[in-house]
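Note that ligands are numbered from 1 as they come in the structure, with each ligand's atoms numbered from 1 the same way. Nothing here was measured: the structure is a model prediction, and the numbers come from that model.
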Amino acid sequence: MTRHFLDVDDLDVDEIEAVLAEAENPAPPQVLARRGAALLFEKPSLRTRSSMEVAVAQLGGHPITIVGDEVGIDTRETAEDIARVLSRYHGIIGARVFEHSKLERLASASSVPVVNMLSDDAHPCQTLADLLTLRQQFGNLKGRVIAYVGDGNNVCTSLMVGATMQGMEVRVATPPGYAPPTDAVERAADRGEVVVTEDPFVAVRDADAVYTDVWASMGQEAEADRRRTEFAGFTVDDALMEGAGSDAVFLHCLPAHRGEEVSASVLEGPQSLVWQQAENRLHAQRGLLSWLLTEHE
Ligand code: CP
Ligand code: NVA
């Protein structure tokens, strides 16, 4: 059966365990030997593009990256027709899209795994790297607390679900009107403890990890000025990190805007794991692709 990875809970807890273990395999199996990997980007990317291309190469495959309107999902041809054709050349299809439904339609017509490389709703590859980073720091994550401060966006929703699947308590602090979607909160709350608040200091109290992301995501550039005003008080700075405690780590999916969602002092400070976290995009995705392309009982 072809498995797809459109959000983190497309895998169960044991399957995520297997992916994270495979991420640390020093001898990655050549599951993509003599095969391509089609990587479609409707939005810009630094980390995801580079780490996916290298992961594919490390698994013996050949990445073909297609950016912008070159393919024209639903403009030049339908998502379904694109998936049918690309499945005949490639071992996997990765896509970064605006509407999440485009991923679902690619998956519905694809005979090879489709991987979400970020949509407006979810960023599950990021979550795998985040979990890997947290496990490298803390070992077993059961009972640990992660606080997400900022916009209840794609990164937040996948993180909430992925972290509760690891047994973590998740606390999310957003300004009014920017809470994560109810459906994501419910999916996370079904698996563990979730607190949604409008007070960042409540969220970070005694947390093991503090996470933030940009206030205006790709596609929301026109809202950036308004959001800067509405997110005042939600910067992860030294005062907020003090509320979390000296052993807490700081995470950010990047790109970062110093002076907005995070101060330069926290991003560059001793609690920050952001560069290790960025490196882990490569290892986590290599583990994911390897798992998706291996037969399981
Ligand atoms: N974190 C992340 O997905 O970065 P890019 O947008 O650069 O791929
Ligand atoms: N929320 C951000 C994440 C970037 C990796 C965006 O969607 O632009």
### Task
Determine whether more than 12 heavy atoms belonging to other residues, nucleotides or ligands lie under 6.0 Å from atom CG of Asp69.
no
### Task
Please could you name the atoms of ligand 1 that His123 approaches to less than 4.0 Å, counting only its heavy atoms?
2 (C), 3 (O)
### Task
Over 60° means perpendicular and under 30° means parallel, so classify the ring planes of Trp291 and His296, tilted if in between.
parallel
### Task
Classify the contact between Asp151 and ligand 2 as side chain, backbone, both or neither, using a heavy-atom distance cut-off of under 4.0 Å.
neither
### Message
Side chains of Asp237 and Ser265: any donor to acceptor distance under 3.5 Å?
### Response
no
### Message
Around atom CZ of Arg76, are there more than 12 heavy atoms from other residues, nucleotides or ligands closer than 6.0 Å?
### Response
no
### Task
Only heavy atoms count here, so choose which of Leu46, Asp213, Val214 is nearest to atom 3 (C) of ligand 2.
Asp213
### Message
Which residue is it: Ile82, Val115, Leu86? I am looking for the one with a side chain to side chain contact (heavy atoms under 4.5 Å, CB included) to Ile93.
### Response
Leu86
### Message
We want to know whether Asn153 and Gln220 form a side-chain donor-acceptor pair, criterion being a heavy-atom distance below 3.5 angstrom.
### Response
no
### Task
Could you list the atoms of ligand 2 found under 4.0 angstrom from a heavy atom of Ser217?
1 (N), 2 (C), 6 (C), 7 (O), 8 (O)
### Query
Counting only heavy atoms, which portion of Met117 has something under 4.0 Å from ligand 1: side chain, backbone, both, or neither?
neither
### Query
Which atoms from ligand 1 have a heavy atom of Arg96 less than 4.0 Å away?
3 (O), 5 (P), 6 (O), 8 (O)
### Message
Do Thr212 and Glu261 pair up side chain to side chain, a donor and an acceptor below 3.5 Å, judged on atom types alone?
### Response
no
### Query
Got the closest protein heavy atom to atom 4 (O) of ligand 1, with its distance?
Arg47 NE, 2.8 Å
### Message
Does either side chain, that of Glu22 or that of Asn25, offer a donor lying less than 3.5 Å from an acceptor on the other one?
### Response
yes
### Enumerated ligand 1 atoms positioned under 4.0 Å from heavy atoms of Leu46
5 (P), 7 (O), 8 (O)
### Query
Counting both backbone and side chain atoms, is some N or O of Arg281 under 3.5 Å from an N or O of ligand 1?
yes
### Task
Give a yes or no on whether a salt bridge exists between Glu53 and Arg49, defined as a side-chain N under 4.0 angstrom from a carboxylate O.
yes
### Task
Using a strict 4.0 Å cut-off to heavy atoms of Leu254, name the atoms of ligand 1 that fall inside it.
1 (N), 2 (C), 4 (O)
### Query
Any N or O on Lys43 sitting closer than 3.5 Å to an N or O of ligand 2?
no
### Query
Which of the numbered atoms in ligand 2 are below 4.0 angstrom from a heavy atom of Asn153?
1 (N)
### Query
Is any NZ, NE, NH1 or NH2 atom of the basic residue among Asp199 and Arg205 found under 4.0 Å from an Asp or Glu carboxylate oxygen of the other?
no
### Message
Under 4.0 Å, counting heavy atoms only: does Leu254 come that close to any atom of ligand 2?
### Response
yes
### Query
Between Phe250 and Met168, is there a shared hydrophobic cluster once you connect ILVMFWY residues whose side-chain heavy atoms come closer than 4.5 Å?
no
### Query
At a 4.0 Å threshold, what atoms of ligand 2 neighbour a non-hydrogen atom of Asn154?
1 (N), 2 (C), 6 (C), 7 (O)
### For Leu118, the ligand 2 atoms whose distance to one of its heavy atoms is below 4.0 Å
3 (C), 4 (C), 5 (C), 7 (O)
### Query
Got the closest protein heavy atom to atom 8 (O) of ligand 2, with its distance?
Met218 N, 2.8 Å
### Query
Any idea which atoms of ligand 1 are less than 4.0 Å away from a heavy-atom of Cys253?
1 (N)
